[in-house]
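Working notes for the structure below.
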Amino acid sequence: MILVGVDGSQAALEAVSWAAREAALRDTELHVVHVMVAWPLEMTEDAPYADVGRWMRDGAMSMLTDALNRAREEDSRVKVESSLLPGDPRSALIKAAQDADLLVVGSHGRDGFSGMLLGSVALGVAGHAVCPVAVIRRTPARSGGEVVVGVDGSVAGVSAIEFAFAEASLRGADLRAVHAWNQPVVGGLAEETAEVERRLLAEALAGWGERHPDVKVTEQVEQGHPVDVLKNASAQADLLVVGSRGRGDLAGLLLGSVSHSLLQHAVCPLVVTPAVATPRHT
């Protein structure tokens with residue numbers, strides 16, 4: 001099951017369209033959720049603010065209806081259900097996604113400032129949900145037929161590789177595995193350092209090609225900051241996949257500096273996988 005959170009924003013509707021296409025690829029159902037700040041809806045007619053409560057609920061149901069219509073227009077074969085949940089959107093979505101294969105949200109919500117690149121909900125659920133989280137800013141105008149995965153050799157990054165291979169196979173797409181390194185190079189050791197980084201990438205990918213022989217893999221090792229390198233790679237990609245935290249992040253962090261930055265700057269849809277992912281598609 002794929003879960004998509006909506007709030008009436010254009011970004012949320014883009015997320016619904018993307019989620020519907022993804023559900024069709026996986027032959028699974030789509031669950032559309034709107035989370036409304038808790039309100040005493042069960043009021044008598046003469047209770048104070050009863051009209052406000054009804055107005056809030058009517059507006060929420062209208063958002064869900066619009067989202068359901070958008071999903072069905074995108075792909076009528078997908079089974080779509082909806083739910084209205086109370087509470088904080090971040091914690092409610094994380095809880096609702098406990099049994100989901102994928103949680104999908106828009107990059108920024110209805111109440112975000114126009115200059116903000118990333119909404120609080122997208123930032124709040126990425127790295128905290130037990131399933132992979134897809135953050136949709138905008139979908140590519142046309143398919144480039146390529147999934148990009150950031151590889152850093154970390155244990156947490158294994159889930160990103162696993163997800164990316166499975167996703168490329170589902171889409172019939174090529175996979176570009178990108179490893180960026182920005183350590184300083186002393187003297188004439190540039191080529192030796194580059195060779196070490198190439199071996200790191202090859203070792204991280206070992207065995208995955210055998211599991212997904214239908215996926216053509218391109219290995220890219222580049223000196224530069226990982227955010228810059230992956231952002232550039234995302235410009236031509238249909239999807240960018242990264243782990244929630246990498247080798248250089250503190251053990252207590254749920255979301256690393258690279259994944260945090262890419263949530264704001266990736267050009268294509270971005271999937272952030274948890275440290276231990278449980279993807280249910282093969």
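Please read these numbers as outputs of a predicted model, since none were measured by experiment.
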Look only at the side chain of S76 and the backbone of R72, and say whether a donor-acceptor pair between them is shorter than 3.5 Å. no
Where is the tightest heavy-atom contact between T273 and S159, given as atom of each residue plus distance? OG1-OG, 2.7 Å
Which atoms form the tightest heavy-atom contact between L205 and A177, and what is the distance? CD1-CB, 3.7 Å
Report yes or no: does S259 contribute a side-chain atom to a donor-acceptor pair with the main-chain N or O of S244 at less than 3.5 Å? yes
Backbone N/O of F165 and side chain of S169: donor-acceptor pair under 3.5 Å: no
Working for side-chain contact (heavy atoms from CB on, under 4.5 Å), residues V35 and L93: CA-CA 8 Å; V35 183; L93 286 173; 4.2 Å; yes
Of the non-hydrogen atoms in V227 and L262, which two are nearest, and what is the gap between them? O-CD2, 3.8 Å
Check whether S234 reaches the backbone of V267 with its side chain - one donor and one acceptor, N or O, closer than 3.5 Å. yes
On a heavy-atom basis, which atom in A67 and which in V16 lie closest, and how many Å separate them? O-CG1, 3.4 Å
In one Ile/Leu/Val/Met/Phe/Trp/Tyr side-chain cluster, 4.5 Å: L25, M1: no
In terms of heavy-atom contacts, A126 and L263 come closest through CB-CD1, 3.8 Å
Hydrophobic clusters here meaning ILVMFWY residues chained together by side-chain heavy-atom distances under 4.5 Å, can you tell me if V196 and V221 are in one? no
Using modelled atom types only, decide if a donor and an acceptor are shared between the side chain of D238 and the backbone of V147 within a distance under 3.5 Å. no
Same cluster or not: L13 versus W18, using hydrophobic residues (I, L, V, M, F, W, Y) connected whenever any side-chain heavy atoms lie under 4.5 Å apart? no
Under 3.5 Å, side chain of R70 to main-chain N/O of S17, donor-acceptor pair present? no
Whether S9 side chain and A12 backbone form a donor-acceptor pair below 3.5 Å: yes
Partners meeting side chain to side chain donor-acceptor pair (under 3.5 Å) with S82 (sequence neighbours left out): none
Donor-acceptor pair, H34 side chain versus V6 backbone, under 3.5 Å? yes
Holding to side-chain contact (heavy atoms from CB on, under 4.5 Å), I want the full list of residues that pass it with A96, two or more places apart in sequence or in another chain. L3, L85
Under the salt bridge (Lys or Arg N to Asp or Glu O under 4.0 Å) rule, collect the residues that match up with R176, sequence neighbours excluded. E146
Side-chain (T28) to main-chain (A23) donor-acceptor, under 3.5 angstrom: no
Taking V133 as the starting point, is it possible to reach I94 by hopping between hydrophobic residues whose side chains are less than 4.5 Å apart? yes
For D228, what residues pass the salt bridge (Lys or Arg N to Asp or Glu O under 4.0 Å) criterion, not counting sequence neighbours? none
So E197 and H179, side-chain hydrogen bond (donor to acceptor under 3.5 Å, both in side chains) or not? Walk me through it. CA-CA 8 Å; E197 301 300 333; H179 173 62; 2.5 Å; yes
Can you name the nearest heavy-atom pair linking A180 to G224, along with the distance? CB-O, 3.7 Å
E167 with R171: basic N within carboxylate O range, under 4.0 Å: yes
Just grab all the salt bridge (charged side-chain N to carboxylate O under 4.0 Å, His left out) pairs involving residues 209-227, residues at least two apart or on different chains. none
Going by the rule salt bridge (Lys or Arg N to Asp or Glu O under 4.0 Å), which residues pair with K79 if we only count those two or more places apart in sequence or in a different chain? E81
V158-V217 co-clustered via ILVMFWY side chain contacts under 4.5 Å: yes
